[in-house]
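Model, not experiment: these values are computed from the prediction. Whatever order the structure lists them in is the order used to number ligands and atoms, beginning at 1.
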Amino acid sequence: MIDLHSHSNISDGLLSPAELVAHAASHGVRMLALTDHDDIDGLAEARLAAKVHGIQLVNGVEISVTWKKRTLHIVGLNIAPENEALKNALSTVKHGRLERAKLMALGLEKAGIHGSFEAAAANAAQSILTRMHFARFLVERRYAKDTKSVFKKYLVKGKPGFVDHQWMSLEAAVSLIVNSGGEAVLAHPGRYDIRRTNMLLLLEEFRALGGAAIEVVTGSHTPPQFIEYAKYAQLFGLRASQGSDYHGKGISFMEMGRLPALPSNCVPVWQNWPQMSEMLVKA
Ligand code: AMP
Ligand code: MN
Ligand code: MN
Ligand code: MN
């Protein structure tokens with residue numbers, strides 16, 4: 001009933017912010033964070049819809065970060081959407097994504113695939129440009145059978161459509177989130193290609209920078225990883241978050257409203273949130 005990671009078509013999800021909130025409500029979610037990639041433009045619409053459906057909306061964002069040459073995702077929860085520094089930084093990222101998309105299209109062009117920039121941009125409409133928008137075009141053109149195989153063939157490191165993009169630093173992302181009144185959460189740690197030594201370094205650094213929590217239960221983790229990352233959270237005194245990472249039917253890692261409970265040794269990230277008492281009052 002608490003889902004703190006989801007995407008609308010403001011980034012690479014399929015549903016509009018209002019549709020996403022309605023979907024969440026109809027699947028039993030009582031508290032939802034909208035966490036679009038590098039964009040907070042969907043929050044106002046989601047907030048209105050949340051009022052209509054009687055669910056708690058948490059203002060969120062999922063910021064792309066480069067750490068030791070790897071791309072990581074940092075979720076910000078309870079950020080202030082009107083915060084100028086945050087808005088400015090995200091608009092810089094949006095511009096960077098546009099430049100990256102042009103380079104991706106160039107790479108695909110060299111592999112004999114034409115018109116991908118225009119198609120991805122059309123798929124993205126008003127939203128930011130992500131690899132997912134290229135993936136949809138490539139699947140439509142039958143370059144691969146589904147999103148998963150299209151990523152493998154064209155959009156990951158070493159493939160024609162991949163561009164080694166420089167995202168924000170971990171420090172910048174955490175401080176933007178914290179300075180806008182939010183809490184920083186390391187998204188799906190089990191998805192990164194990081195061995196234990198580096199994971200320990202990352203968590204140490206993340207906590208020292210002011211990070212609050214790590215995702216323990218997520219659509220990207222297996223049940224053994226729930227246990228593994230609950231231990232990491234405990235080890236570092238970090239709280240634990242949970243979220244489906246829902247993107248829409250067919251491309252989501254998990255349907256909404258089906259998250260298992262956090263392991264019992266976790267301190268939930270929402271423990272002291274004012275939204276919790278509001279939700280319980282309504283229940
Ligand atoms: P971007 O932030 O533009 O690099 O796009 C990354 C997005 O593409 C992620 O948020 C996922 O939603 C999606 N994605 C990344 N890797 C894969 C994959 N192997 N299969 C399916 N979707 C993926
Ligand atoms: Mn995504
Ligand atoms: Mn992510
Ligand atoms: Mn996500």
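Angle NE2 (H37) to the Mn ion (ligand 2) to NE2 (H247): 120°, rounded to 10°. With the Mn ion (ligand 4) as the vertex, OD1 of D245 and OE1 of E62 span 170° to the nearest 10°.
Ring orientation note: the planes of H221 and F226 are tilted relative to one another, at an angle of 30° to 60°. Ring geometry for H7 versus H247: interplanar angle under 30°, hence parallel rather than tilted (30 to 60°).
The nearest pair of heavy atoms linking A25 to I55 is CB-CG2, 4.0 Å. Taking both residues in full, the closest heavy atoms of S6 and L20 are given as OG-CD2, 3.4 Å, listed atom of the first, atom of the second, then distance.
The cluster map of Ile, Leu, Val, Met, Phe, Trp and Tyr, joined by side-chain heavy atoms under 4.5 Å apart, puts L48 and L34 in different clusters.
Between H27 and Y246, the closest side-chain pair of non-hydrogen atoms is not below 4.5 Å. Looking at V61 and D38, their side chains never come closer than 4.5 Å, going by heavy atoms from C-beta outward.
Distances from the Mn ion (ligand 4) show that H5 has an N/O/S atom below 2.8 Å. The Mn ion (ligand 2) has no N, O or S atom of H7 inside 2.8 Å of it. Among the atoms of D12, an N, O or S atom falls under 2.8 Å of the Mn ion (ligand 2).
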* **Full working for ring pair (Phe, Tyr, Trp, His ring centres under 6.0 Å) between Y232 and Y229** => CA-CA 5 Å; Y232 275 118; Y229 287 97; 5.2 Å; yes

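A distance limit of 4.0 angstrom between heavy atoms and ligand 1 selects the residues D12, H37, R97, R100, T130, R131, M132, F151, H247.
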